[in-house]
Structure formats: structure tokens, C-alpha cells
Amino acid sequence: MMEKLIITAAICGAEVTKENSPAVPYTVEEMVREAKSAYDAGAAVIHVHVRWDDGTPTQDRERFRVVLDAIKAACPGVILIPSTGGATGMTPEERLQPTELFPEMATLDCGTCNFGDDIFVNDMPTMRAFGQRMIENHIKPEYECFEIGHLDTILNMAKKGLVPGAPMQFNFVLGVSGCTPATVGNLNYLVKQIPSGSTWTVTGIGRSAWDMAAAGIVMGGNVRVGFEDNIYLGKGHKAASNGELVAKVVRLSKELGREIANPGEARRILSLA
Ligand code: KMH
Ligand code: ZN
């Protein structure tokens, strides 16, 4: 029998702006509003990037501290996954700052790739440093794979003890411009490679968000949605909040007969409890 579905909300990311959608959060208050809308709609996990009030992406440790504490207070029990990816062009040291706060989870990006017109650099020394930090600080990584080869890379690193090992949690982020396309075939290939006992989430970028959500639901994985990845509920129809995106996943999942995990259930499924 399938476990309940864990929904992650990626509420702001580093790239999307208020010009794209006025509901994209920058300030602490806006971050809390968007996190709570997602949590109230059924998200058990919030993936957190932070911005300065003018929208500039930052990995500043104290900004993370304030935002994470404020979301925790508004969303009791929620699982927070701060980003160590930040924005393209940031240094590894900058990006590692949220790990100094000892979050229970954080993202660990599994290789270099094109990212639209930019390059998202995750070379081997960077990944070894991030793996070592997460081992030392007892942080469970969410392994972000944007490319099929990223999975092979991180599985080899785990075998060598360079990053935290089983049970591993993967997020297959498909459809980034320049990376592996969001198809059910590609997702199925990735899912078949992961060690038994692992958990996985799928994220579809842009218009692929809903195909990938449906695939994640029926294939027994978990689903991420949110303004970081997609701002549309349907063609030409922008979501007014992250909560609306989460609510659509809840509807799809219930229609397909899969219940939604609350944060406590998600913590058990992810072996955090
Ligand atoms: N903003 C992207 C360049 C992560 O959060 O770990 C990287 C990203 C991945 O969003
Ligand atoms: Zn992210």
C-alpha cells in the first residue's frame, strides 16, 4: 500500500519576482503569509529561500534564522528545508550559511547544470564540502537532481560516505531550461535507480508542474509545487497564493484515492522522527 502523499511548497525560490506574480513573497511577513497558506492547504514541508525586502536573493544566516523561526511559529510542526542552492553565482561559503542553524533538513544539489542562461555550479569539491557539513551537523539532505547524471553522482558519493546515506530523500526537479525534460519516462528511469528504502519527490517546472504532480501521486512518490517552480494554476490563470497551488495537488491526490500526510506523518515517512 502507498504511503500518504507528502506535499512540499517551494514558496519563493531565488528567481521568480513580483513582476511575474505580485504574490511572490520577499519580506518576513510575506514569507509567513505564503508558508501558512501552503500549510493550511495541506503542505507538510516548506522549502525555503530567503530574500531581502527588495527581492534580492540572499543566503544570509540571520535572515534565514528570522524567517525559519517565524514560519515555525505560524505553522506548528511543519518540516522546513532551507536551500543551500541559493541563486546562481553565489559562492559555496555563502550558500552554506543556513546549515549553521542546524535545520533538520536542507537541500544538497547534486551536480553542475545549465540553468536558463546561467550555470548552476556544483562541482565535486563543493558537493564534498556540503556533504561533510551535513554529516557533521546531522542534517538530512534532500538531494536535488536536475539531470539524470546527478543521481549517479550522488549515489557514488553516498557509497563512499562523502554525503549522508540511507535512507536518502531525492527531489527530481524536471523541466528546468537546459536540464532533463519533465517526462514520465525520465521520472520513471530515475525512480528505478534509487536504493530501496529511499523516498522521493518530483517537481515539474513551469507548465510541467501538473503532469509531474499527477505522476508523483500515482507512482507512489511525493510532490513539490510552489512559486519557485510555477506560478500558474492552469493556462493563463495565475495562482493568488502558494496555498492555491497546494490545494490543487490535494484535490488531484484525493480524486486519485491517495490521502495527504500531515507533518507528523511526513516526519515518520522521511525517517526524521
Ligand atoms: N535557485 C537555483 C539556482 C536549491 O534550492 O537547492 C537552485 C535551487 C536549488 O533552487
Ligand atoms: Zn530551491
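Each ligand, and each atom within it, is numbered from 1 in the order the structure gives. We're numbering straight along the sequence, starting at 1.
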Query raised in the report: Do we see a donor-acceptor contact under 3.5 Å between the side chains of T99 and R133?
Result: yes
Query raised in the report: Going by the atom numbers of ligand 1, which of them fall below 4.0 Å from some non-hydrogen atom of G85?
Result: 4 (C), 6 (O)
Requested in this report: Using distance alone, decide if ligand 1 has a nitrogen or oxygen within less than 3.5 Å of any nitrogen or oxygen in E144.
Outcome: no
Report summary line: Checking H237, K238, R207 against Y232 for side-chain contact (heavy atoms from CB on, under 4.5 Å), the one that qualifies is K238
Query raised in the report: Any N/O of G86 closer than 3.5 Å to an N/O of ligand 1?
Result: yes
Query - Trace of the side chain to side chain donor-acceptor pair (under 3.5 Å) decision for D211 with S208 - result: CA-CA 5 Å; D211 285 356; S208 70; over 6 Å; no
Query raised in the report: Between the side chains of Q169 and T201, does any donor sit under 3.5 Å from an acceptor?
Result: yes
Requested in this report: Run the numbers for me: atoms of ligand 1, each under 4.0 Å from some heavy atom of E15, listed by number.
Outcome: 1 (N), 2 (C), 3 (C)
**Report entry** Salt bridge R61-E94, side-chain N to carboxylate O under 4.0 Å
**Finding:** no
Query - ligand 1 to T88 polar contact by distance, N or O atoms, under 3.5 Å - result: no
**Report entry** Protein heavy-atom partner closest to atom 7 (C) of ligand 1 - residue, atom, separation in Å
**Finding:** F120 CZ, 3.5 Å
Query raised in the report: Would you say H49 has any N or O atom under 3.5 Å from an N or O of ligand 1, going by distance alone?
Result: yes
**Report entry** Per-atom contacts, ligand 1 versus H47 - under 4.0 Å to a heavy atom
**Finding:** 5 (O)
Query raised in the report: At the Zn ion (ligand 2), what's the angle from H49 NE2 to E228 OE2, rounded to 10 degrees?
Result: 100°
**Report entry** Atom indices of ligand 1 within 4.0 angstrom of T107 heavy atoms, with elements
**Finding:** 4 (C), 5 (O), 6 (O)
Query raised in the report: If you count the non-hydrogen atoms of other residues, nucleotides and ligands that lie under 6.0 Å from CD in E255, is the total more than 12?
Result: no
Query raised in the report: Among N171, N230, D229, whose side chain to side chain donor-acceptor pair (under 3.5 Å) with T203 holds?
Result: N171
Report summary line: In this structure, OG of S83 is separated from CD of Q59 (nearest 0.5 Å) by 5.0 Å
Report summary line: Quick note on ligand 1: atoms under 4.0 Å from a heavy atom of E228 include exactly 10 (O)
Query raised in the report: With distance as the sole criterion, is a donor-acceptor pair present between the side chains of T183 and N186 under 3.5 Å?
Result: yes
Query raised in the report: Against heavy atoms of D109, which atoms of ligand 1 measure under 4.0 Å?
Result: 4 (C), 6 (O), 9 (C)
Report summary line: Here the N/O/S atom of H47 closest to the Zn ion (ligand 2) would be NE2
Report summary line: Under 4.0 Å from one or more heavy atoms of S83, ligand 1 contributes atoms 4 (C), 5 (O), 6 (O)
